[in-house]
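Source: prediction; values computed, not measured. Excluded from the calculations below are hydrogen atoms, water molecules and symmetry mates; all remaining heavy atoms, backbone and side chain alike, are included. Numbered from 1 within each chain, the chains take letters A, B, ... in sequence-line order.
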Number of protein chains: 2
Amino acid sequence: MTTRMTRQRAAVAEALDEQDEFRSAQQLHEVLRARGDSVGLATVYRTLQTFADAHEVDQLRNADGEVLYRRCERVEHHHHLVCRSCRRTIEIDGPTVEAWAAKVGAAHDFTDIDHTIELWGTCKDCRG
Amino acid sequence: MTTRMTRQRAAVAEALDEQDEFRSAQQLHEVLRARGDSVGLATVYRTLQTFADAHEVDQLRNADGEVLYRRCERVEHHHHLVCRSCRRTIEIDGPTVEAWAAKVGAAHDFTDIDHTIELWGTCKDCRG
DNA sequence: ACCAAGCGTGAGAATCGTTCTCATGAATCG
DNA sequence: CGATTCATGAGAACGATTCTCACGCTTGGT
């Protein structure tokens, strides 16, 4: 029931911290392998899921449906502007959209409103 | 190069029109089978993708990553408020968020801004 | 420190949605 | 009425993710 600290979890957390961009579980697994920390792929998946459940990392899906993870600067609720090409990420907050989402939900008598708001674009460097 | 009209495409289009909620390719395949229209699963997938590419149907992913399709009332760009449980859908438009998304993108020098904005909640009937 | 209890790990199998292959079928156009 | 060529379908293949289960290591109590 309790969460234990293991070499693997520490390694995943550390690898995650080194990334500036959103990364998939497989990419992180590769990063770990490259740096010499041997961690099973299944463990990487499990660990990331655990972190996400604990709101320690942010999670989103790219257009292909792959799940990407990232340790964000801010802990509070926020959204992202991600480069489709290099995945460079900018954290943004939108009090405007939060309010809008809540209002729309209430207007139609829906509860437990949750929203998926992500912006994708091409960053300056990837424009060529 | 040209798009041909086939029995299968007509069947998929018709089944789609009968749905009020977002449906997965497999669900639609089942609907077709139930009504007696035999259409291969691969064809259902292909057809839905084709429709989506032509902007004839809307497409989104649920929390599990499954792709869902729906023929919406309005053709113009809009978003959705979907019931997590029954997938009952309400089409919404948000001039506010559109402007916000564009502004945020421009502010960070990102181009070809595309946004994913979907609202999920529990509708009145599913609240129990 | 020592131990017992039980969560965590990993390799590979299993899932599952989706796409691909390729031989056959059927729109379409002249 | 062909000939052309896109469309179809059954099953194989794929790819991301999850599951299995025997073994190992963290942890909390002593």
Rounded to the nearest angstrom, tell me the gap between atom CD in B:Gln27 and atom P in C:dG17.
10 Å

Pick the closest DNA chain C nucleotide for B:Ala42 and for B:Glu66 by heavy atoms, then say which residue is nearer the 5' end.
B:Glu66

Answer with base, sugar-phosphate or nothing: what part of the nucleic acid does A:Arg9 contact at a heavy-atom distance below 4.0 Å?
sugar-phosphate

Taking atom P of C:dT18 as reference, at what distance in whole Å does atom CG of B:Leu68 sit?
8 Å

Between C:dG17 and B:Arg61, counting only base atoms on the nucleotide and side-chain atoms on the residue, is there a donor-acceptor pair under 3.5 Å?
no

Of the candidate nucleotides D:dT8, C:dT18, D:dT17, which contains the atom at the shortest distance from the side chain of B:Arg46?
D:dT8

Between P on C:dG17 and CG on A:Asp64, what's the gap in Å once rounded to a whole number?
18 Å

Which atom names give the shortest non-hydrogen contact between A:Asp20 and A:Thr89, and what distance separates them?
O-CB, 4.5 Å

Atom CG of A:Leu41 to atom C1' of C:dG12: distance rounded to whole Å?
11 Å

For a quick test of reading the model, state the closest non-hydrogen atom pair linking B:Arg70 to B:Glu21 and the distance between them.
CD-C, 4.0 Å

Scan B:Thr50 against the nucleic acid and name what it touches under 4.0 Å (heavy atoms): base, sugar-phosphate only, or nothing.
nothing

Taking donor-acceptor contacts at under 3.5 Å, does the side chain of B:Arg4 reach the base of D:dT5?
yes

Kindly indicate, with the supporting measurements, whether the criterion side chain to side chain contact (heavy atoms under 4.5 Å, CB included) is fulfilled by B:Trp120 and B:Leu60.
CA-CA 12 Å; B:Trp120 295 84; B:Leu60 59 78; 3.7 Å; yes

Ignoring backbone atoms, test whether B:Thr6 places a side-chain nitrogen or oxygen under 4.0 Å from the OP1 or OP2 oxygen of D:dT8.
yes

Please tell me which of the listed nucleotides, C:dG17, C:dG12, C:dT9, lies nearest to the side chain of B:Gln26?
C:dG17

Could you state the atom-to-atom distance from CG of A:Asp53 to P of D:dT18 in whole Å?
10 Å

Could you check which of D:dG9, C:dT18, D:dT8 has an atom nearest any side-chain atom of B:Val39?
D:dG9

For C:dT18, take OP1 and OP2 only and decide whether either is under 4.0 Å from a side-chain N or O of B:Tyr45.
yes

Taking only side-chain nitrogens and oxygens of A:Gln8, does any of them come within less than 4.0 Å of OP1 or OP2 of C:dG8?
no

Rounded to the Å, how far apart are B:Gln49 CD and D:dT8 P?
14 Å

Rounding to a whole Å, what distance do you find between B:His29:NE2 and D:dA10:P?
8 Å

Separation of atom CE in B:Met5 from atom C1' in C:dC29, rounded to whole Å
17 Å

Ring-plane angle category for B:His79 and A:Trp100, please: parallel below 30°, perpendicular beyond 60°, tilted otherwise.
perpendicular

Does one side chain, of B:His80 or B:Asp58, offer a donor that lies under 3.5 Å from an acceptor on the other?
yes

